[in-house]
Amino acid sequence: MLNKNDIRACLDTMAEMFPDAHCELNHRNPFELVIAVALSAQCTDALVNKVTKNLFEKYQTPEDYLNVPIEELQTDIRSIGLYRNKAKNIQKLCRMLIDDYGGIVPADRDELTKLPGVGRKTANVVVSVAYDIPAIAVDTHVERVSKRLAFCRWKDSVLEVEKTLMKKVPKEEWSVTHHRMIFFGRYHCKAQNPQCPECPLLDLCREGKKRMKASLK
DNA sequence: AACTCGGGGCA
DNA sequence: TGCCCAGAGTT
(Lines give C-alpha, C1' and ligand atoms only; values in the text may rest on other atoms or scores of the structure.)
Protein backbone atom coordinates (compact mmCIF):
# COMPACT_ATOMS: atom_id res chain seq x y z
CA MET A 1 0.00 0.00 0.00
CA LEU A 2 1.09 3.56 -0.65
CA ASN A 3 2.35 5.59 2.30
CA LYS A 4 0.95 8.90 3.47
CA ASN A 5 3.38 11.00 1.46
CA ASP A 6 2.68 9.20 -1.80
CA ILE A 7 -1.06 9.40 -1.20
CA ARG A 8 -0.73 13.12 -0.54
CA ALA A 9 1.19 13.51 -3.79
CA CYS A 10 -1.57 11.68 -5.67
CA LEU A 11 -4.28 13.81 -4.10
CA ASP A 12 -2.38 17.00 -4.88
CA THR A 13 -2.13 15.96 -8.51
CA MET A 14 -5.85 15.21 -8.60
CA ALA A 15 -6.45 18.69 -7.20
CA GLU A 16 -4.44 20.16 -10.07
CA MET A 17 -6.33 18.08 -12.61
CA PHE A 18 -9.73 19.00 -11.18
CA PRO A 19 -9.35 22.31 -9.31
CA ASP A 20 -13.10 22.90 -9.22
CA ALA A 21 -14.10 19.47 -7.92
CA HIS A 22 -17.25 19.81 -5.87
CA CYS A 23 -20.45 18.02 -4.93
CA GLU A 24 -22.57 18.06 -8.06
CA LEU A 25 -25.61 17.04 -6.06
CA ASN A 26 -25.26 20.00 -3.75
CA HIS A 27 -28.53 21.77 -3.18
CA ARG A 28 -29.69 24.70 -1.13
CA ASN A 29 -30.54 22.97 2.14
CA PRO A 30 -29.91 19.67 3.98
CA PHE A 31 -33.39 18.37 3.21
CA GLU A 32 -32.99 18.75 -0.54
CA LEU A 33 -29.50 17.28 -0.32
CA VAL A 34 -30.77 14.14 1.41
CA ILE A 35 -33.43 13.69 -1.24
CA ALA A 36 -31.02 14.32 -4.12
CA VAL A 37 -28.33 11.97 -2.87
CA ALA A 38 -30.79 9.25 -1.88
CA LEU A 39 -32.21 9.42 -5.41
CA SER A 40 -28.75 9.14 -6.94
CA ALA A 41 -28.17 5.46 -6.18
CA GLN A 42 -27.32 3.54 -9.37
CA CYS A 43 -28.15 6.52 -11.51
CA THR A 44 -26.11 9.30 -13.12
CA ASP A 45 -25.98 12.66 -11.36
CA ALA A 46 -27.04 14.40 -14.57
CA LEU A 47 -30.27 12.44 -14.53
CA VAL A 48 -30.83 13.22 -10.84
CA ASN A 49 -30.32 16.92 -11.46
CA LYS A 50 -32.80 16.82 -14.31
CA VAL A 51 -35.43 15.27 -12.02
CA THR A 52 -34.75 17.33 -8.90
CA LYS A 53 -35.04 20.59 -10.79
CA ASN A 54 -38.78 20.10 -11.16
CA LEU A 55 -39.12 18.05 -7.98
CA PHE A 56 -37.83 20.81 -5.70
CA GLU A 57 -40.15 23.36 -7.27
CA LYS A 58 -43.11 21.12 -6.51
CA TYR A 59 -42.07 19.87 -3.06
CA GLN A 60 -40.37 22.03 -0.44
CA THR A 61 -41.16 20.35 2.89
CA PRO A 62 -41.51 16.78 4.16
CA GLU A 63 -45.25 17.43 4.42
CA ASP A 64 -45.39 18.23 0.71
CA TYR A 65 -44.10 14.76 -0.19
CA LEU A 66 -46.69 13.15 2.11
CA ASN A 67 -49.59 15.13 0.70
CA VAL A 68 -49.54 13.35 -2.67
CA PRO A 69 -50.36 9.72 -3.44
CA ILE A 70 -47.34 7.47 -3.91
CA GLU A 71 -48.21 7.02 -7.56
CA GLU A 72 -47.82 10.71 -8.22
CA LEU A 73 -44.39 10.82 -6.59
CA GLN A 74 -43.38 7.75 -8.57
CA THR A 75 -44.33 9.52 -11.77
CA ASP A 76 -42.33 12.59 -10.78
CA ILE A 77 -39.12 10.57 -10.43
CA ARG A 78 -39.84 7.82 -12.95
CA SER A 79 -36.96 8.59 -15.30
CA ILE A 80 -34.20 7.84 -12.77
CA GLY A 81 -35.01 4.14 -12.48
CA LEU A 82 -35.61 2.21 -9.25
CA TYR A 83 -38.37 4.76 -8.78
CA ARG A 84 -40.84 2.57 -6.92
CA ASN A 85 -38.50 1.90 -4.02
CA LYS A 86 -37.17 5.43 -4.06
CA ALA A 87 -40.63 7.02 -3.96
CA LYS A 88 -41.61 4.74 -1.09
CA ASN A 89 -38.39 5.55 0.75
CA ILE A 90 -38.84 9.28 0.33
CA GLN A 91 -42.30 9.25 1.84
CA LYS A 92 -41.19 7.04 4.72
CA LEU A 93 -38.14 9.24 5.21
CA CYS A 94 -40.33 12.34 5.37
CA ARG A 95 -42.62 10.63 7.86
CA MET A 96 -39.64 9.81 10.07
CA LEU A 97 -38.23 13.32 9.80
CA ILE A 98 -41.53 14.73 11.05
CA ASP A 99 -42.21 12.13 13.74
CA ASP A 100 -38.71 11.48 15.08
CA TYR A 101 -36.56 14.49 14.18
CA GLY A 102 -38.84 17.51 14.42
CA GLY A 103 -38.74 17.99 10.66
CA ILE A 104 -34.99 18.66 10.77
CA VAL A 105 -32.41 16.55 8.93
CA PRO A 106 -30.12 15.21 11.67
CA ALA A 107 -26.47 16.28 11.47
CA ASP A 108 -25.31 12.86 12.58
CA ARG A 109 -24.15 10.04 10.35
CA ASP A 110 -25.60 7.23 12.49
CA GLU A 111 -28.98 8.92 12.80
CA LEU A 112 -29.08 9.58 9.05
CA THR A 113 -28.39 5.91 8.35
CA LYS A 114 -31.62 5.02 10.15
CA LEU A 115 -33.57 6.78 7.41
CA PRO A 116 -34.83 4.53 4.60
CA GLY A 117 -32.82 4.83 1.41
CA VAL A 118 -29.92 6.43 3.29
CA GLY A 119 -26.86 4.21 3.61
CA ARG A 120 -23.41 5.00 4.85
CA LYS A 121 -22.32 6.68 1.62
CA THR A 122 -25.33 9.00 1.44
CA ALA A 123 -25.06 9.82 5.13
CA ASN A 124 -21.40 10.76 4.72
CA VAL A 125 -22.20 13.07 1.81
CA VAL A 126 -24.95 14.79 3.78
CA VAL A 127 -22.93 15.44 6.94
CA SER A 128 -19.87 16.62 5.01
CA VAL A 129 -21.63 18.80 2.44
CA ALA A 130 -24.65 20.07 4.37
CA TYR A 131 -23.15 20.28 7.86
CA ASP A 132 -19.44 20.68 7.17
CA ILE A 133 -18.55 17.63 9.25
CA PRO A 134 -15.40 15.82 8.07
CA ALA A 135 -16.29 12.58 6.27
CA ILE A 136 -15.17 10.50 3.30
CA ALA A 137 -18.07 9.03 1.36
CA VAL A 138 -16.86 5.94 -0.48
CA ASP A 139 -18.77 5.34 -3.69
CA THR A 140 -17.78 3.20 -6.67
CA HIS A 141 -15.37 5.85 -7.97
CA VAL A 142 -13.56 6.38 -4.67
CA GLU A 143 -13.35 2.64 -4.13
CA ARG A 144 -11.99 1.92 -7.61
CA VAL A 145 -9.41 4.73 -7.51
CA SER A 146 -8.31 3.77 -4.00
CA LYS A 147 -7.68 0.21 -5.11
CA ARG A 148 -5.97 0.96 -8.41
CA LEU A 149 -3.61 3.42 -6.76
CA ALA A 150 -3.12 1.11 -3.77
CA PHE A 151 -4.36 3.65 -1.25
CA CYS A 152 -5.87 0.54 0.34
CA ARG A 153 -5.79 -3.21 -0.22
CA TRP A 154 -7.38 -4.59 -3.36
CA LYS A 155 -9.80 -6.82 -1.46
CA ASP A 156 -10.85 -4.24 1.14
CA SER A 157 -14.53 -3.80 1.80
CA VAL A 158 -16.10 -0.36 1.33
CA LEU A 159 -15.91 0.24 5.07
CA GLU A 160 -12.25 -0.74 5.17
CA VAL A 161 -11.52 1.64 2.30
CA GLU A 162 -13.16 4.45 4.23
CA LYS A 163 -11.23 3.66 7.42
CA THR A 164 -7.92 3.48 5.58
CA LEU A 165 -8.50 6.82 3.86
CA MET A 166 -9.45 8.46 7.16
CA LYS A 167 -6.24 7.12 8.67
CA LYS A 168 -4.00 8.33 5.85
CA VAL A 169 -5.57 11.69 4.98
CA PRO A 170 -5.65 14.70 7.35
CA LYS A 171 -9.12 15.19 8.78
CA GLU A 172 -9.53 18.73 7.48
CA GLU A 173 -9.07 17.41 3.91
CA TRP A 174 -11.53 14.51 4.01
CA SER A 175 -14.35 16.27 2.23
CA VAL A 176 -12.31 17.77 -0.60
CA THR A 177 -10.46 14.49 -0.98
CA HIS A 178 -13.76 12.74 -1.56
CA HIS A 179 -14.74 15.18 -4.31
CA ARG A 180 -11.36 15.13 -6.00
CA MET A 181 -11.28 11.34 -6.10
CA ILE A 182 -14.78 11.22 -7.56
CA PHE A 183 -13.89 13.64 -10.36
CA PHE A 184 -10.64 11.81 -11.00
CA GLY A 185 -12.47 8.48 -11.10
CA ARG A 186 -15.32 9.67 -13.27
CA TYR A 187 -13.43 11.65 -15.90
CA HIS A 188 -9.96 10.11 -15.94
CA CYS A 189 -9.53 6.85 -14.00
CA LYS A 190 -12.69 5.49 -15.56
CA ALA A 191 -14.02 2.03 -14.82
CA GLN A 192 -14.01 0.69 -18.37
CA ASN A 193 -11.44 2.76 -20.22
CA PRO A 194 -8.93 4.39 -17.86
CA GLN A 195 -6.62 7.00 -19.40
CA CYS A 196 -3.43 5.35 -18.15
CA PRO A 197 -1.08 6.41 -21.00
CA GLU A 198 -1.66 10.08 -20.25
CA CYS A 199 -2.02 9.76 -16.48
CA PRO A 200 0.34 11.90 -14.35
CA LEU A 201 0.04 9.32 -11.57
CA LEU A 202 1.25 6.38 -13.66
CA ASP A 203 4.60 6.17 -11.85
CA LEU A 204 2.82 5.68 -8.54
CA CYS A 205 0.05 3.45 -9.85
CA ARG A 206 0.35 -0.30 -9.47
CA GLU A 207 -2.73 -1.05 -11.55
CA GLY A 208 -1.82 1.49 -14.24
CA LYS A 209 1.64 0.01 -14.78
CA LYS A 210 0.12 -3.45 -14.93
CA ARG A 211 -2.36 -2.28 -17.55
CA MET A 212 0.32 -0.55 -19.60
CA LYS A 213 2.47 -3.65 -19.63
CA ALA A 214 -0.49 -5.81 -20.65
CA SER A 215 -1.42 -3.46 -23.51
CA LEU A 216 2.09 -3.67 -25.01
CA LYS A 217 1.80 -7.38 -25.65
C1' DA B 1 -20.83 -12.05 -0.24
C1' DA B 2 -24.31 -12.30 -3.66
C1' DC B 3 -28.48 -10.73 -5.42
C1' DT B 4 -32.10 -7.44 -6.90
C1' DC B 5 -34.01 -3.19 -8.29
C1' DG B 6 -34.72 -0.20 -13.35
C1' DG B 7 -35.12 3.69 -16.81
C1' DG B 8 -32.01 6.38 -19.43
C1' DG B 9 -27.53 7.25 -21.72
C1' DC B 10 -24.11 5.74 -24.58
C1' DA B 11 -21.23 2.76 -27.69
C1' DT C 1 -28.83 -4.51 -28.30
C1' DG C 2 -25.97 -4.73 -24.28
C1' DC C 3 -23.74 -2.68 -20.60
C1' DC C 4 -23.33 0.62 -16.94
C1' DC C 5 -24.76 4.23 -13.59
C1' DA C 6 -22.24 9.71 -6.81
C1' DG C 7 -26.17 2.41 -3.63
C1' DA C 8 -29.18 0.34 -0.38
C1' DG C 9 -31.74 -3.49 1.49
C1' DT C 10 -32.46 -8.29 1.96
C1' DT C 11 -31.07 -13.02 2.30
Side-chain angles (χ1 to χ4, degrees), chain A residues 11 14 17-18 20-27 30 32-56 70-97 105 109-131 133 135-148 151-162 165 174-195:
Chain A
L11 294 174
M14 291 181 200
M17 297 172 72
F18 302 98
D20 56 349
H22 61 283
C23 178
E24 298 195 352
L25 297 174
N26 195 1
H27 289 83
E32 289 184 348
L33 183 65
V34 174
I35 302 290
V37 181
L39 289 177
S40 75
Q42 288 303 101
C43 163
T44 61
D45 57 315
L47 210 48
V48 175
N49 284 329
K50 197 189 295 182
V51 167
T52 53
K53 187 183 177 189
N54 295 327
L55 198 69
F56 293 160
I70 184 79
E71 293 81 9
E72 183 173 342
L73 186 54
Q74 286 178 356
T75 302
D76 290 335
I77 65 171
R78 178 168 21 91
S79 60
I80 65 172
L82 305 177
Y83 58 91
R84 296 180 190 87
N85 271 333
K86 288 177 179 178
K88 187 172 63 179
N89 284 339
I90 285 179
Q91 287 197 328
K92 195 192 278 184
L93 180 150
C94 289
R95 174 50 60 197
M96 288 179 65
L97 281 183
V105 176
R109 208 254 315 281
D110 294 327
E111 293 299 324
L112 282 164
T113 308
K114 296 178 182 173
L115 300 171
V118 179
R120 191 179 182 87
K121 180 258 165 182
T122 299
N124 275 332
V125 172
V126 171
V127 296
S128 69
V129 174
Y131 293 115
I133 296 171
I136 298 180
V138 178
D139 59 21
T140 55
H141 294 308
V142 174
E143 180 181 4
R144 181 180 65 255
V145 170
S146 296
K147 292 182 176 181
R148 283 182 177 167
F151 286 5
C152 64
R153 295 175 221 281
W154 188 262
K155 310 205 81 172
D156 277 353
S157 66
V158 171
L159 187 58
E160 288 168 329
V161 175
E162 181 184 332
L165 290 176
W174 287 355
S175 295
V176 286
T177 292
H178 159 71
H179 295 132
R180 284 169 185 162
M181 291 184 71
I182 283 186
F183 272 66
F184 179 75
R186 178 129 75 91
Y187 298 113
H188 188 87
C189 193
K190 296 182 283 189
Q192 303 88 340
N193 199 13
Q195 314 290 98

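Since we're looking at a predicted model, the values are computed, not measured. Below, chains carry the letters A, B, ... as their sequence lines are ordered, and counting in each starts from 1.
For B:dG6, one of the phosphate oxygens OP1 or OP2 lies less than 4.0 angstrom from a side-chain nitrogen or oxygen of A:Arg84.
Taking atom P on both C:dA8 and B:dG9, the two are 23 Å apart, rounded to the nearest angstrom. Taking atom P in both C:dA6 and B:dC3, the straight-line distance is 22 Å, to the nearest Å. Spacing of P atoms, B:dG6 relative to C:dT1, comes out at 23 Å, to the nearest Å.
Comparing C:dA8, B:dG7, C:dA6 by their closest approach to the side chain of A:Thr122 singles out C:dA8. Ranking B:dG7, C:dC5, C:dA6 by closeness to the A:Ser79 side chain, first place goes to B:dG7. Comparing atom distances between the A:Thr44 side chain and each of B:dG6, C:dC5, C:dA8 picks out C:dC5 as nearest.
A:Leu115 comes within 4.0 angstrom of sugar-phosphate atoms only, judged by non-hydrogen atoms across all strands, and of no base. A:Leu47 comes within 4.0 angstrom of sugar-phosphate atoms only, judged by non-hydrogen atoms across all strands, and of no base. A:Gln192 comes within 4.0 angstrom of sugar-phosphate atoms only, judged by non-hydrogen atoms across all strands, and of no base. A:Val142 comes within 4.0 angstrom of no nucleic acid atom, judged by non-hydrogen atoms across all strands. Among the protein residues, A:Thr140 comes within range of the sugar-phosphate backbone only, with heavy atoms under 4.0 Å from sugar or phosphate atoms but none that close to a base. Among the protein residues, A:Ala137 comes within range of no part of the nucleic acid, since none of its heavy atoms lies under 4.0 Å from any strand. Nucleic acid contact class of A:Lys50 (heavy atoms, under 4.0 Å, all strands): sugar-phosphate only. Nucleic acid contact for A:Gly119: sugar-phosphate only, since backbone atoms but no base atoms lie under 4.0 Å from a heavy atom of the residue. A:His179 comes within contact range of no nucleotide atom at all, as no heavy-atom separation falls under 4.0 Å.
Each of A:Leu165, A:Val125, A:Val161 was checked for a side chain to side chain contact (heavy atoms under 4.5 Å, CB included) with A:Ile136, and the lone residue meeting it is A:Leu165. Under the ring pair (Phe, Tyr, Trp, His ring centres under 6.0 Å) test applied with A:Phe183, the options A:His188, A:His141, A:His22, A:His178 reduce to a single match, A:His22.
Take the nearest nucleotide of DNA chain C for A:Asp45 and for A:Gly117: the residue whose nucleotide is more 5' is A:Asp45. Both A:Arg186 and A:Pro116 sit near DNA chain C, but only A:Arg186 has its closest nucleotide nearer the 5' end.
Using a 4.5 Å heavy-atom threshold, the side chains of A:Ser79 and A:Lys50 count as separate. Proximity of A:Val127 to A:Glu111: side-chain heavy atoms (C-beta onward) are nowhere separated by under 4.5 Å. Put simply, the side chain of A:Tyr131 reaches to within 4.5 Å of the side chain of A:Val105, judged on heavy atoms.
The interatomic distance linking A:Leu82 (CG) with B:dC3 (P) rounds to 18 Å, in whole Å. The nearest whole Å value for the distance from the NZ atom in A:Lys88 to the P atom in C:dG9 is 11 Å. Between A:Asp76 atom CG and B:dG7 atom C1' the separation is 15 Å, expressed in whole Å.
Under 4.0 Å is where a charged nitrogen must lie from a carboxylate oxygen, and between A:Arg186 and A:Glu24 at least one such pair does.
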